[in-house]
Amino acid sequence: MTNLPEKPTIDGLEAKWRARWDADGTYRFDRTKTRAEVFSIDTPPPTVSGHLHPGHVFSYTHTDLVARYQRMRGKEVFYPMGWDDNGLNVERRVQLLTGTIVDPTLPYDPDFRRPEKVDPKARPVPISRPNFIELCEEVVPDFETAYHELWATVGLSVDWDHTYTTIGPKAVRMSQRGFLRLLARDLAYRAESPTLWDVDMRTSVAQAELADREVPGAYHKLRFTGPDGQPLLIDTTRPELLPACVAVVAHPDDERFQPLFGQTATTPLFGVEVPILAHELADPDKGTGIAMICTFGDTTDVTWWRELSLPVRAVVQRDGRLRPLTWGEPGWETTDAAAAQAAYDELAGKTAKQAQARIVELLTEQDLLDGEIRPITHPVKFWENGTRPLEIVTSQQWFIRYPDKAAMLARGKELAWWPDFMRVRFENWVNGLVGDWNITRQRFFGVPFPAWYPIDADGVTDFLSPILADEASLPVDPTTDVPPGYDEAQRNQPGGFAADPDVMDTWATSSLTPQIVCGWEDDPDLFERTFPMDMRPQAHEIIRTWLFSTVVRSHYLHDTLPWTSAAISGFIVDPDRKKLSKSAGNMPDDPVTLIERHGADAVRYWSANGRPGMDMTFDEGQMKIGRRLAIKLLNASKFALGVGQPAHGAAVTEPVDQSMLVRLAALVEEATAAFDRYDYARALERTEAHFWSFCDDYLELVKNRAYSEEPTAESAKAALHLALEVLLKLFAPFLPYVTEEVWSWWREGSIHRSDWPDATELREAAAIGDPLVLAVAADVLTEVRRAKSEAKRSMRAPVDKVKVTDTPERLGALDKVALDVRSAGAIDQLFFAKGEEPSVEVTLAPEPSTS
RNA sequence: GGGCGCGUAGCUCAGCUGGCUAGAGCGCUGCCCUUACAAGGCAGAUGUCGGGGGUUCGAGUCCCUCCGCGCCCACCA
């Protein structure tokens, strides 16, 4: 029955139990269960564009802790895993790894093969879009295999049969269907509009992916000419956008400029007459108090342009360079076309930065720059992963309308946040929303829009009248599939059609992860049993993106929250509270190395110390402690089981055994309550503390009795077995490997499918147990150990007598465990004395003389 | 600029709705090869609970304020 190893070890447990769990389907989702019996988790699909680092292990372990706890509580846990292999980041990684770059004008090359060796300094090889997508499909699964391997080793109790990818056919179908549904209800639309644009990646960027960075800039004071012919000084940090100036603006209450409103000013160098307007957003304290409006220098320009109904005079094109143009033509009227052209020709073709340098020279030559250039540092918008500031260009994009703010805020209130204060991040974001959600990316590897555009007889494409795919035909790729009613020969021909060239924003797909994993409309039976989901675990940095957008989609599609609770995990930081990153040079060893060094249970132990929402310091010392705990668990278990099975039906009759079980019952209640509020860290801390005192005190106390031939040995054996089972279960979510190993020594099946301990049952087994008995015994033992330690004697050193002075109540409790105390302390005589001042006097036996 | 969070032993962190001499682990010191465990065990020392006010019989715990750190949001002139 019981099968104890000679020398237990935690090494090798990962491989052993991974294989067993896999073979037994321990974590397989049983889809016969009803919604009420299921606990479903909306897994964050890690992006495969990078490498998993300890921070990932940290937060993914948190989810697994909850999954394992819920499973033991009797829930059928639906815990899939996804890979986010869609989006700009993945595309960029594949480009770097394969040394390629997409050139959409190239035709497909069926003979193209991935280069064997890639020189990072060499110029990337241009390839066609279909070739690049093939390359992605070839390379990305390798990334995913590495991720799977790590997650399985960490011990995530995922059902791998439900794995999905965000670029896979299922996700594409869901994304396209979700898009068409919104379009049908006019919740999505296509429009031409100024768009934030990354000039390096040459794609539009959504508000959610913006990051402000402080960068150096400089005020340049330009000499415009006012209506009276006098100079009108205007400060700008973007003098190169002067040719794109369409107006100047000041605050309506600003008395300095009130007389000028409604009149015109003339731009320097280009001689364009622009209106002088008033708007609330103009800040009298910034610069000279009057600003130039360009199309477009920043998002304020966009606001002014829209609210003041200004024309577009765009100069920056999609590659970030100033475009060629002819002055004097409609829209580009000027008082001196020749001079404007001469000046502009110096700028055309240059990047914004180069153009800025040149225009400053031109302005200086003509004395149109007033005073010195004043360097400043100011926040500028970047794509969060980009290296150059964003520009704003006008282009056609698909948008999803945001629901009104009140509805979103109500959803935020409805959702249970762990920790609760994270709701504020959501509310901040909702309150700051501007415009609609641009879901278009001018990229190659992504979910295509299920749309084509008609080309008229003259060869002009009508980009505002899309031909949409039938839902039944999804997923489609418009670049290879043909729209209803057309044939392939008509592609890009007059009278034919053109494919929508763009792909969806990665969040347009990720916002549907609940629909993807639960099988929205593809698998109504599964959907019924799992949606709305129970839990969304995620990091706080993506509340504004992933969490928010998922709430939006579910609000529209199902008029419900996608899940009832959101568990937000913190970051891992270094001891200086800096976020871990490669560039900061503070990145610890990779998770595989850490697991090899300390064991998966130990790494999980470290992770479990991070409370929800709290950042935690990376600390390998914690892993060492976790490793020690796992080893201790093996040894203590070996001992507890080594006393032999209790006789069938043996009851726990000894007061100290009952006392221990009563205390254990209190621990079960505490750990359960903590888990129920996602405070796994507390559950672990309490269990661990209890376990150590269990080993130090209780095991020492019962050791001799349990091995003895006395009838009371049965009580000890029964209590040891019961306590061990309970402790193992409490540790099981945290240390799945070592607990499963011990479980297998004397129990059938997996501990991870066993029932969570029940405090009521424990109390019944403990009968009238008094927690004081064990507490007093432990106190006396500590005093005895202290005496031996101070006398520099062995813990086995015999004690002649111990005199305990204490209250009658405590002495009464001690009396019930006197035999065990004497045995554990090697105490010959134990005396009690009632007294106000508790004390323990220890008289050691004389040290035997040694030579 | 607005908001959220954090600041407790050298280090990493607990201290839940205010209540006995402020806790744990690591590290440090000392002791012990105890037949579950020496990659271990036992014991010990260590803190003006960021500063200053206030409420209270009583505050690490509540209120105000200041300081430091981190993060989120914010219209780049």
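Below, read A as the first sequence line, B as the second, and so on, with proteins coming before strands; counting in each chain starts at 1.
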> Which base sits across from B:rG40 as a Watson-Crick or G-U pair, both distances under 3.5 Å?
Replying inline: B:rC32
> Which residue lies toward the 5' end of RNA chain B, A:Lys703 or A:Gln622, if each is placed at its nearest nucleotide?
Replying inline: A:Gln622
>> Counting only side-chain heavy atoms from C-beta out, which of B:rG41, B:rC72, B:rC13 sits nearest to A:Met616?
In response: B:rC13
>> Please report the distance, rounded to the nearest Å, between CG in A:Asp615 and P in B:rG70.
In response: 12 Å
>> If the cut-off is 4.0 Å, is A:Thr617 near the phosphate of B:rC13, judged by side-chain N/O to OP1 or OP2?
In response: yes
> Which base sits across from B:rC71 as a Watson-Crick or G-U pair, both distances under 3.5 Å?
Replying inline: B:rG3
> Taking all atoms of both residues into account, what is the closest heavy-atom pair of A:Pro243 and A:Ile359, and its distance?
Replying inline: CD-CD1, 4.4 Å
> Please give, in whole Å, the distance from B:rC26 P to A:Arg627 CZ?
Replying inline: 16 Å
>> Nearest whole Å is fine: how far is B:rA38 C1' from A:Met795 CE?
In response: 15 Å
> Paired with B:rG18 by Watson-Crick or G-U wobble geometry, both distances under 3.5 Å: which nucleotide is it?
Replying inline: none
>> Work out how far the C1' atom of B:rA14 is from that of B:rG47, and round it to whole angstrom.
In response: 15 Å
>> I'd like the C1' distance from B:rC6 over to B:rC13, given in whole Å.
In response: 12 Å
> RNA chain B: A:Gly613 or A:Leu634, which has the more 5' nearest nucleotide?
Replying inline: A:Gly613
> Which nucleotide sits closest to the side chain of A:Phe421: B:rA38, B:rC4, B:rC73?
Replying inline: B:rC4
> Closest to the A:Lys638 side chain: B:rC71, B:rA36, B:rC13?
Replying inline: B:rA36
> Rounded to the nearest Å, what distance is computed from the CH2 atom of residue A:Trp417 to the C1' atom of nucleotide B:rC4?
Replying inline: 13 Å
> How far does the C1' atom of B:rC11 sit from the matching atom of B:rC28, given to the nearest Å?
Replying inline: 12 Å
>> Please pick, from B:rA36, B:rU12, B:rC76, the nucleotide with the shortest atom-to-atom distance to any side-chain atom of A:Thr237.
In response: B:rC76
> Picking from B:rC73, B:rU35, B:rA43, which would you name as closest to the side chain of A:Thr782?
Replying inline: B:rA43
>> My understanding is that a pair needs two contacts under 3.5 Å, Watson-Crick or G-U wobble. By that rule, which nucleotide pairs with B:rC26?
In response: B:rG10
> Nearest to the side chain of A:Asn428, which nucleotide is it out of B:rG3, B:rA43, B:rC37?
Replying inline: B:rG3
> Hey, is the side chain of A:Arg611 poking within less than 4.0 Å of OP1 or OP2 on B:rG15, counting only N and O atoms?
Replying inline: yes
> In whole angstroms, how far is the C1' atom of B:rC76 from the CD atom of A:Glu391?
Replying inline: 11 Å
>> Testing A:Tyr605, A:Trp743, A:Phe691 one by one against A:Phe731 for a ring-ring contact (aromatic ring centres under 6.0 Å, His included), which residue passes?
In response: A:Phe691
>> Looking at every heavy atom in both A:Ala278 and A:Val249, which two are closest together, and how far apart are they?
In response: C-CG2, 4.0 Å
> Do you know which two heavy atoms are closest between A:Leu242 and A:Leu222, and how far apart they sit?
Replying inline: CD1-CD1, 4.0 Å
> Reckon A:Arg544 has a side-chain N or O less than 4.0 Å from the OP1 or OP2 of B:rC73?
Replying inline: yes
> Do other residues, nucleotides or ligands put more than 12 heavy atoms under 6.0 Å from A:Lys405 NZ?
Replying inline: yes
> How close or far is atom C1' of B:rC37 from atom CZ of A:Phe639, stated in whole angstroms?
Replying inline: 11 Å
>> Taking only the C1' atom of each, what is the distance from B:rG51 to B:rU8 in whole angstrom?
In response: 15 Å
> Where the side chain of A:Ser789 is concerned, which of B:rG41, B:rA43, B:rA74 is the nearest nucleotide?
Replying inline: B:rA43
> Rounded to the Å, how far apart are A:Leu433 CG and B:rC73 C1'?
Replying inline: 11 Å
>> Could you tell me how far B:rC37 sits from B:rC42 if I compare only their C1' atoms? Round to whole Å.
In response: 13 Å
> What does A:Ala282 touch in the nucleic acid at a heavy-atom separation under 4.0 angstrom: a base, only the sugar-phosphate, or nothing?
Replying inline: base
>> Using atom C1' in both nucleotides, what's the gap between B:rC57 and B:rG18 to the nearest angstrom?
In response: 12 Å
> For the pair made of CD1 in A:Ile631 and C1' in B:rG40, what is the distance, rounded to whole Å?
Replying inline: 9 Å
> So, for A:Tyr402 and A:Gly435, which heavy atoms are closest and what is the spacing to 0.1 Å?
Replying inline: CD1-O, 3.3 Å
>> For the NZ atom on A:Lys624, are there more than 12 heavy atoms of other groups (residues, nucleotides or ligands in this structure) within a distance under 6.0 Å?
In response: no
>> Between B:rU34 and B:rU46, how far apart are the two P atoms, rounded to whole Å?
In response: 31 Å
>> Using the side-chain heavy atoms of A:Asp619, tell me which of these nucleotides is nearest: B:rG15, B:rC37, B:rU12.
In response: B:rU12
> Is the shortest side-chain N/O distance from A:Arg628 to OP1 or OP2 of B:rG41 below 4.0 Å?
Replying inline: yes
>> By the 4.0 Å heavy-atom rule, please label A:Cys294 as base, sugar-phosphate, or nothing.
In response: nothing
>> If the cut-off is 4.0 Å, is A:Lys792 near the phosphate of B:rC42, judged by side-chain N/O to OP1 or OP2?
In response: no
> Any N or O donor-acceptor pair linking the side chain of A:Lys381 to the base of B:rC76 at under 3.5 Å?
Replying inline: no
> Heavy atoms under 4.0 Å, any strand shown: does A:Ala636 hit a base, just sugar-phosphate, or nothing?
Replying inline: base
>> Quick check: closest heavy atoms across A:His220 and A:Ala218, and the distance to 0.1 Å?
In response: ND1-O, 3.1 Å
> Where the side chain of A:Glu700 is concerned, which of B:rC37, B:rC71, B:rU35 is the nearest nucleotide?
Replying inline: B:rC37
> When rounded to the nearest Å, what value does the distance between P atoms of B:rG23 and B:rG15 take?
Replying inline: 15 Å
>> Restricting to non-hydrogen atoms, name the atom on A:Arg374 and the atom on A:Lys221 that form the minimum distance, rounded to 0.1 Å.
In response: NH1-CE, 3.7 Å
>> Under a 3.5 Å cut-off for both contacts, is B:rC62 paired Watson-Crick or G-U wobble with anything, and if yes, with which nucleotide?
In response: B:rG54
> Of all the choices, B:rC6, B:rA36, B:rG25, which nucleotide is nearest to the side chain of A:Met614 once you look at every atom?
Replying inline: B:rC6
> Does a distance-only test, which skips hydrogens and angles, find a donor-acceptor pair under 3.5 Å between the side chain of A:Arg785 and the base of B:rU34?
Replying inline: no
